[in-house]
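These notes concern the structure reproduced below.
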Amino acid sequence: MNETSQQPVIVGTDGSPTSHAAVSWAADEALREGRPLRIVHVQEPWTLGLPDIPPPMADEARSVESREILDEAAAVAAEGRPDLVVETENIQGETVRALRLISEQGGELVLGSRGRGRFAELLLGSTTLRVAGHAARPVVVVRGEPASRRGEIVVGVAFDHDQTGPLTYAFEAARRRGARLRAVHAWDVTDTFARQAKEDPSFIDPLDRLTELLESWRGRYPDVKVVEEVVNEHPAATLTDSSSGADLLVVGTHGRGALGSLLLGSVGHAVLHHARCPVVIVPV
């Protein structure tokens with residue numbers, strides 16, 4: 001049994017339309033896996049960027065607002081899903097820290113691409129880097145409106161880091177959905193370098209490396225149809241293009257230093273900004 005099979009799918013909400021899209025996606029994921037859904041809202045301290053002394057009844061008013069946001073999200077999750085177990089939780093604290101901590105309690109953390117307040121920063125810079133860089137579990141960023149089923153999961157494969165996490169998530173997702181898995185490696189090199197590399201006796205063709213890497217995974221998931229693809233193009237362009245025909249795009253990353261920065265650089269930023277399907281960021 002997969003270790004996340006009994007853990008809740010956790011989704012953050014702030015009441016915005018994009019967070020409702022994330023709630024709907026997370027609800028479908030939880031129902032598909034027979035797991036509970038936990039909807040969380042982060043109520044930040046009054047003093048964060050505001051006058052030190054709140055007006056009378058401010059805390060009570062904000063608590064009521066938080067409850068309304070959670071109730072609305074729970075209604076979104078329950079619609080058409082009578083068997084789904086839904087939990088809600090209002091967390092007081094700083095958004096990034098709260099989301100990182102709550103991610104440790106679930107199989108993944110699901111977020112909308114944009115929202116209100118601190119949530120609105122999720123794809124605008126440091127907030128995304130800090131959340132994903134420190135999250136103990138995969139982070140799913142749900143972009144746009146839920147798309148009709150396309151029947152394909154795309155996973156970006158690198159050769160310079162351990163791919164166990166991304167490949168496990170991608171194969172499991174493909175098996176649950178009965179979808180095809182497209183494993184993509186982008187090899188961004190000039191024609192001259194490619195010719196020189198192929199003349200090196202130690203050179204291993206990228207497609208051969210990809211086939212070898214996936215061999216054991218094919219054995220563990222014989223019911224998943226796998227398509228291998230090696231493209232001589234910038235990874236950001238390749239993955240963004242591949243996302244147009246996918247239900248899910250899975251990429252791996254790892255943190256470094258005190259801030260646990262998301263080490264995807266321009267690739268990560270491009271994918272998160274331009275992917276045409278939900279993106280899963282998996283720690284490696």
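In terms of heavy atoms, Cys277 sits closest to Ala246 at CB-O, 3.3 Å. When all heavy atoms are compared, the tightest approach of Pro166 to Val155 is O-CG2, 4.1 Å. Nearest heavy-atom pair across Ala179 and Val224 is O-CG1, 4.2 Å. Closest heavy-atom contact between Ala186 and Pro235: CB-CA, 3.5 Å. Between Ala183 and Val157, the shortest heavy-atom contact is CB-CG2, 4.1 Å. Residues Ser19 and Ser16 approach most closely at OG-O, 2.8 Å, considering heavy atoms.
By the salt bridge (Lys or Arg N to Asp or Glu O under 4.0 Å) test, Glu108 is found to be paired with Arg35, residues two or more places apart in sequence or in another chain being considered. For His185, the ring pair (Phe, Tyr, Trp, His ring centres under 6.0 Å) partners are Phe159, not counting sequence neighbours. With sequence neighbours left out, Arg209 forms a salt bridge (Lys or Arg N to Asp or Glu O under 4.0 Å) with no residue at all. Arg32 meets the side-chain hydrogen bond (donor to acceptor under 3.5 Å, both in side chains) test with Glu29; sequence neighbours excluded.
Here the straight-line distance linking atom CG of Leu70 with atom NE2 of His41 works out to 6.5 Å at 0.5 Å rounding. The structure places CD of Glu233 at 9.5 Å from CG of Leu239, a figure rounded to the nearest 0.5 Å. To the nearest 0.5 Å, atoms CZ (Arg218) and NZ (Lys225) are separated by 10.5 Å. Rounding to the nearest 0.5 Å gives a distance of 11.0 Å between CH2 of Trp187 and CG of Leu207. Note: Glu104 CD to Gln7 CD = 11.0 Å, rounded to the nearest 0.5 Å. Put simply, NE2 on His274 and OG on Ser244 are 14.0 Å apart, with the number rounded to the nearest 0.5 Å.
Under the 4.5 Å side-chain heavy-atom criterion for Ile, Leu, Val, Met, Phe, Trp and Tyr, Ile39 and Leu101 are members of distinct hydrophobic clusters. Under the 4.5 Å side-chain heavy-atom criterion for Ile, Leu, Val, Met, Phe, Trp and Tyr, Val231 and Val251 are members of distinct hydrophobic clusters. In the hydrophobic clustering of this structure, Val227 does not group with Leu214; members are Ile, Leu, Val, Met, Phe, Trp, Tyr whose side-chain heavy atoms approach within less than 4.5 Å, directly or through other members. Ile153 and Leu213 fall within a single hydrophobic cluster, where Ile, Leu, Val, Met, Phe, Trp and Tyr side chains are chained together by heavy-atom contacts under 4.5 Å. Residues Leu84 and Val140 fall within the same hydrophobic cluster, defined by Ile, Leu, Val, Met, Phe, Trp and Tyr side chains chained together at heavy-atom separations under 4.5 Å.
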> Between Thr164 and Trp217, does a side chain to side chain contact (heavy atoms under 4.5 Å, CB included) hold up when you go through it step by step?
Replying inline: CA-CA 10 Å; Thr164 300; Trp217 296 93; 4.2 Å; yes

> Between Asp223 and Arg175, is a side chain to side chain contact (heavy atoms under 4.5 Å, CB included) present by the stated rule, with each step listed?
Replying inline: CA-CA 7 Å; Asp223 51 338; Arg175 181 166 65 180; 3.3 Å; yes

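Distance alone, capped at 3.5 Å, places no donor-acceptor pair between the Arg150 side chain and the Asp247 backbone. A donor-acceptor pair is defined here as one N or O able to donate and one able to accept, closer than 3.5 Å; such a pair exists between the side chain of Ser243 and the backbone of Thr240. Counting only distance, with no hydrogens or angles, the side chain of Arg177 and the backbone of Gly151 share no donor-acceptor pair below 3.5 Å.
Within the 4.5 Å cutoff, side-chain heavy atoms of Tyr169 are placed close to those of Leu248. No side-chain heavy atom of Leu167 sits under 4.5 Å from any side-chain heavy atom of Val282.
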Name every donor-acceptor pair, under 3.5 Å, that has one atom in a side chain of residues 71-78 and the other anywhere in the protein, sequence neighbours excluded.
from	atom 1	to	atom 2	distance (Å)
Asp71	OD1	Arg67	NE	3.2
Asp71	OD1	Arg67	NH2	3.2

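Each of Leu99, Asp14, Val11, Ile10 was evaluated against Leu111; a single residue qualifies, Leu99, per the side-chain contact (heavy atoms from CB on, under 4.5 Å) test.
At a cut-off of 3.5 Å, with distance as the only test, a side-chain donor of Arg81 or Ser24 sits close to an acceptor on the other residue.
The salt bridge (Lys or Arg N to Asp or Glu O under 4.0 Å) pairs that include a residue from residues 84-93 are Arg38-Glu87, where partners are two or more places apart or lie in different chains.
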